[in-house]
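As the structure lists them, so they are numbered: ligands from 1, and atoms in each ligand from 1.
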Amino acid sequence: MVERQLAVAILAAGKGTRMRSNLPKVLHKLGSLSLIERLLRTVLTLGPHRCLVIVGYQQEQVRQTLADYPVEFVEQREQLGTGHAVQQLLPLLPEFHGDLLVINGDVPLLRAETLQALVERHRQVGPRVTLLSAQVADPYGYGRVFCDAQQRILELVEERDCTPAQRQNRRVNSGVYCFDWVALAQVLPKLTSNNAQQEYYLTDAVGWVGKAIALDVSDPQEIVGVNDRRQLAQAHQILQDRLKDAWMEAGVTFVDPDSVSLEETVQLAPDVIIEPQTHLRGTCRIGSRTRLGPGSLIDSSTIGTDCQILYSVVSHSQIGDHVWVGPYAHVRPHSQIADYCRIGNFVETKNAQIGSHSNAAHLSYLGDAKLGSQVNIGAGTIIANYDGQQKHFTEIGDRSKTGANSVLVAPLKVGSDVTIAAGTTIPPRQDLPDDCLAIARPHPVIKPGWRLGIRSTHPLAPKTPSVGSLRIYPLRLCPGQDLKQELEQFARQQPLQAGFVLSAVGSLTQATLRLADQTEDHLLVERLEILALHGSLCADGLHLHLTVADCQGKTWGGHLRPGCLIYTTAELVLADSLEHRFSRQLDPTTGYLELQIEQAAADPSPPLP
Ligand code: UD1
Ligand code: CA
């Protein structure tokens, strides 16, 4: 016996007004595939003799999307209804004597077994049409199917044409039909648009074609038609539930299935654990015992066994076994991360090949690079791969380590067992031989007493610049301050190491001097100009001589003693030699505390990383 031929017609010419979209409805995506592709893939598994797709609204886009599928396109220039769509087949199937499976293009979740069962039932029972029906909880929007006890269809009524009583019927038309084509071809020309929507209904043909039976689908979720965004979301949910159910059956744990999404192209090994808020897209393969999430996106990537991917994004990359990624890592395309690596917080890799047992645990960018095994990338290491015009490549040998905050400017070749000190920038092409230390780090400038010393007692004194090995302290004293006391305090607080006075001018209301070879102080109470101040100061004490002039220009000079009080101001510039160290020690020959001068200790060499 010759097998009856089967042709399939998919109705995909409508705009899908209720989607409120410029994209034809059948091209909206459900996961990675458009509605029509999803349906087509199922349909093609039946091996139909011909597969016809009726196109109209934005047909170029639909034709393009389906360009690689073995289908014939049939144009429905005006979209006057589902019946009108099928009428377009009349000139194309003149010699056809088999069955025509008609399927609405917006029913993406149909299973191949269901279609197979429909065709088989049709051929067993032998009516003119077998319609796939479903008993649904919420029949709103669907045409209602009225049958007798033998499942013979008495009437099909569209939602809009239903009476309130008819609307109560929960048996709906799925939009999938198996017709005897010859019988259908006879009634198609007779369709009219005499209904609420003024359209040519294919459902009318069901009523006229002769014996019509209904076959209920066992899972009513399969026949969800996508007419609006709500139904699109509903279809998405159903698809996700199906996929997750199948993977749970296969030994995968979903901690919170509802918060996870995946595509059919994902392969999960038994004992994979998927934590909440995790999404898998594209062709992915995940190995046993790997834990994904929470909060991760895996796109078109392969991940080995026993890995953990925590709050991270992995895209178009390969990850080996026992690898930890995240939290908050970004593994960008063409990264290959070998076994036992650790890619930590705020680490970004791109086109990076990373050998086994290597770590980049914190705050790094590794782009266009090849790292050996057991490499340790210090916190904040950046590979500067882009010079503003071109990307360049970096290689780092086995067991090499980069210090915190180092910058490797590509192109660069770093040998094996290399140590790069923290804070070091390696310029481009400065290749590093095996087993070397590379260090480039500015020496720190340390300014003692920066906040608590000078600023609190002398609010007007600016920051101290240094000139060679001198540090310079300009300061200003204010009315009423005691010149000697202020300088002593300043020398102590800095502390001055080997200080001396570079310049001093100002005025006094009184001066106290010890004149040459005298034991008593000499007090002058009048307005005086400070002409000069000379001598040395250090934390131990000071030895200064002051010259002042009175209102007639007569000068007095001697040892600076307490009791020189500022009249308007004193402007001083002090210097401190960093190469010397002054102290004051009792000299038995003079009986005074005399100046001791030492060479200051050399700067300590920088510590190794
Ligand atoms: C149709 C059925 C309804 C059924 C439901 C199931 C009719 C009259 N009604 O209603 O009984 O319960 O499907 O989902 O058939 N199309 C064309 N050309 C046109 C009009 C539509 O190709 O001129 C295509 C659309 O692109 C769509 C499919 O036919 O893919 C169904 O059209 P739609 O308007 O969604 O029909 P429903 O109102 O859902
Ligand atoms: Ca529909």
Side-chain angles (χ1 to χ4, degrees), residues 8-19 21 23-28 30 34-40 43 52-59 61-62 66 73-89 102-110 129 131-136 138-146 153 155-162 166-167 169-177 179 184 188 191-208 212 214 217 220-232 234-235:
V8 179
I10 296 177
L11 277 50
K15 174 173 196 268
T17 314
R18 287 165 281 178
M19 291 298 278
S21 170
L23 194 66
K25 176 168 71 177
V26 294
L27 294 190
H28 278 264
L30 190 54
S34 62
L35 300 181
I36 185 124
E37 281 177 278
R38 221 165 249 291
L39 173 60
L40 204 47
V43 163
L52 303 133
V53 179
I54 299 165
V55 292
Y57 178 76
Q58 298 208 357
Q59 54 178 296
Q61 281 197 62
V62 181
L66 303 183
F73 296 100
V74 181
E75 187 182 11
Q76 182 195 15
R77 203 162 294 164
E78 271 186 293
Q79 288 83 54
L80 303 179
T82 50
H84 181 255
V86 179
Q87 282 176 343
Q88 312 308 308
L89 302 176
V102 176
I103 309 178
N104 287 354
D106 61 355
V107 191
L109 298 175
L110 286 170
V129 60
L131 172 147
L132 190 68
S133 55
Q135 310 271 358
V136 297
D138 177 14
Y140 177 78
Y142 292 95
R144 305 298 201 278
V145 183
F146 297 88
I153 297 173
E155 203 179 359
L156 278 185
V157 188
E158 288 305 286
E159 166 86 30
R160 297 228 232 163
D161 302 315
C162 276
Q166 286 174 321
R167 278 205 183 99
N169 182 3
R170 303 233 209 102
R171 191 175 203 177
V172 302
N173 170 16
S174 69
V176 181
Y177 322 75
F179 283 102
L184 177 63
L188 278 176
L191 293 178
T192 65
S193 57
N194 185 17
N195 51 52
Q197 298 191 86
Q198 313 255 290
E199 284 184 0
Y200 296 87
Y201 286 171
L202 181 62
T203 47
D204 287 347
V206 174
W208 302 343
V217 67
Q221 291 192 323
E222 269 187 57
I223 62 99
V224 165
V226 177
N227 298 304
D228 57 28
R229 307 274 179 165
R230 242 171 267 121
Q231 285 169 321
L232 184 64
Q234 194 191 346

| query | Nearest to atom 7 (C) of ligand 1 by heavy atom, Thr82, Leu156, Leu35, Leu202: which? | reply | Thr82

| Are any of the N or O atoms of Glu78 closer than 3.5 Å to those of ligand 1? | no

| query | Between CD of Glu222 and CG of Leu132, what distance do you get to the nearest 0.5 Å? | reply | 7.5 Å

| Are any of the N or O atoms of Gly14 closer than 3.5 Å to those of ligand 1? | yes

| task | Heavy-atom contacts with Lys25 under 4.0 Å: which atoms of ligand 1 show up? List them by number with element. | result | 35 (O)

| field | Nitrogen or oxygen of Tyr201 less than 3.5 angstrom from that of ligand 1 | value | no

| note | In short, Val62 meets Phe73 closest at the heavy-atom pair O-CE2, 4.4 Å

| task | Heavy-atom contacts with Arg18 under 4.0 Å: which atoms of ligand 1 show up? List them by number with element. | result | 34 (O), 35 (O), 38 (O)

| Is there a nitrogen or oxygen of Glu158 sitting under 3.5 Å from a nitrogen or oxygen of ligand 1? | yes

| message | Applying the side chain to side chain contact (heavy atoms under 4.5 Å, CB included) criterion to Leu35, which one of Leu40, Leu30, Leu27, Leu109 satisfies it? | response | Leu30

| query | Applying a 4.0 Å heavy-atom criterion (strictly less than), which segment of Ile223 is in contact with ligand 1: side chain, backbone, both, or neither? | reply | neither

| Counting N and O atoms only, with roles assigned by atom type, does the side chain of Gln59 sit under 3.5 Å from a partner on the main chain of Val55, one being a donor and the other an acceptor? | no

| At the 4.0 Å heavy-atom cut-off, does Asn227 count as touching ligand 1? | yes

| request: Please report the closest heavy-atom contact between Gln166 and Val157, naming both atoms and the distance. | output: NE2-CG2, 3.7 Å

| message | Please report whether ligand 1 has a polar contact with Thr203, defined as an N or O pair separated by less than 3.5 Å (distance criterion only). | response | no

| Shortest non-hydrogen contact from Ile223 to Ala134? | CG1-CB, 3.7 Å

| field | Arg170: partners by salt bridge (charged side-chain N to carboxylate O under 4.0 Å, His left out), with sequence neighbours left out | value | none

| task | Could you tell me whether the side chain of Leu156 reaches within less than 4.5 Å of the side chain of Leu131, counting heavy atoms only? | result | yes

| Given Ile10, Asn104, Val74, which one has a non-hydrogen atom that is nearest to atom 28 (C) of ligand 1? | Asn104

| said: List ligand 1 atoms under 4.0 Å from Gly143, heavy atoms only on the residue side. | reply: 3 (C), 4 (C), 11 (O), 12 (O)

| query | If waters are left out, how many protein N/O/S atoms lie within less than 3.0 Å of the Ca ion (ligand 2)? | reply | 2

| request: Determine yes or no for a side-chain-to-main-chain donor-acceptor pair under 3.5 angstrom, with Gln79 supplying the side chain and Gly14 the backbone. | output: no

| field | Closer than 4.0 Å: a protein non-hydrogen atom to atom 36 (O) of ligand 1 | value | no

| said: Please enumerate all residues that pass salt bridge (charged side-chain N to carboxylate O under 4.0 Å, His left out) together with Glu159, with sequence neighbours excluded. | reply: Arg144, Arg167

| task | Could you list which atoms of ligand 1 come closer than 4.0 Å to a heavy atom of Leu80? | result | 23 (O)

| Taking non-hydrogen atoms only, is Glu199 closer than 4.0 angstrom to ligand 1 via side chain, backbone, both or neither? | neither

| task | Enumerate the atoms of ligand 1 whose separation from the nearest heavy atom of Ser174 is less than 4.0 angstrom. | result | 6 (C), 14 (O)

| said: Determine whether a donor-acceptor pair (N or O, by modelled atom type, separation under 3.5 Å) exists between the side chain of Tyr142 and the backbone of Gly225. | reply: yes

| Sub-4.0 Å heavy-atom approach of Gln76 to ligand 1 | yes

| query | Going by distance only, is there an N or O of Ile54 that falls short of 3.5 Å from an N or O of ligand 1? | reply | no

| said: Looking only at distances, can you tell me whether any N or O atom of Ala13, backbone or side chain, sits closer than 3.5 Å to an N or O atom of ligand 1? | reply: yes

What donor-acceptor contacts under 3.5 angstrom involve side-chain atoms of residues 200-207, with partners at least two apart or in another chain?
unit_1 : atom_1 : unit_2 : atom_2 : d
Tyr201 : OH     : Asp161 : OD2    : 3.1
Tyr201 : OH     : Gln197 : NE2    : 3.2

| ligand 1 to Gly175 polar contact by distance, N or O atoms, under 3.5 Å | no

| said: To the nearest 0.5 Å, what is the distance between CD1 on Ile36 and NZ on Lys25? | reply: 11.0 Å

| query | Judging by distance only, is a nitrogen or oxygen of Gly105 under 3.5 angstrom from one on ligand 1? | reply | yes

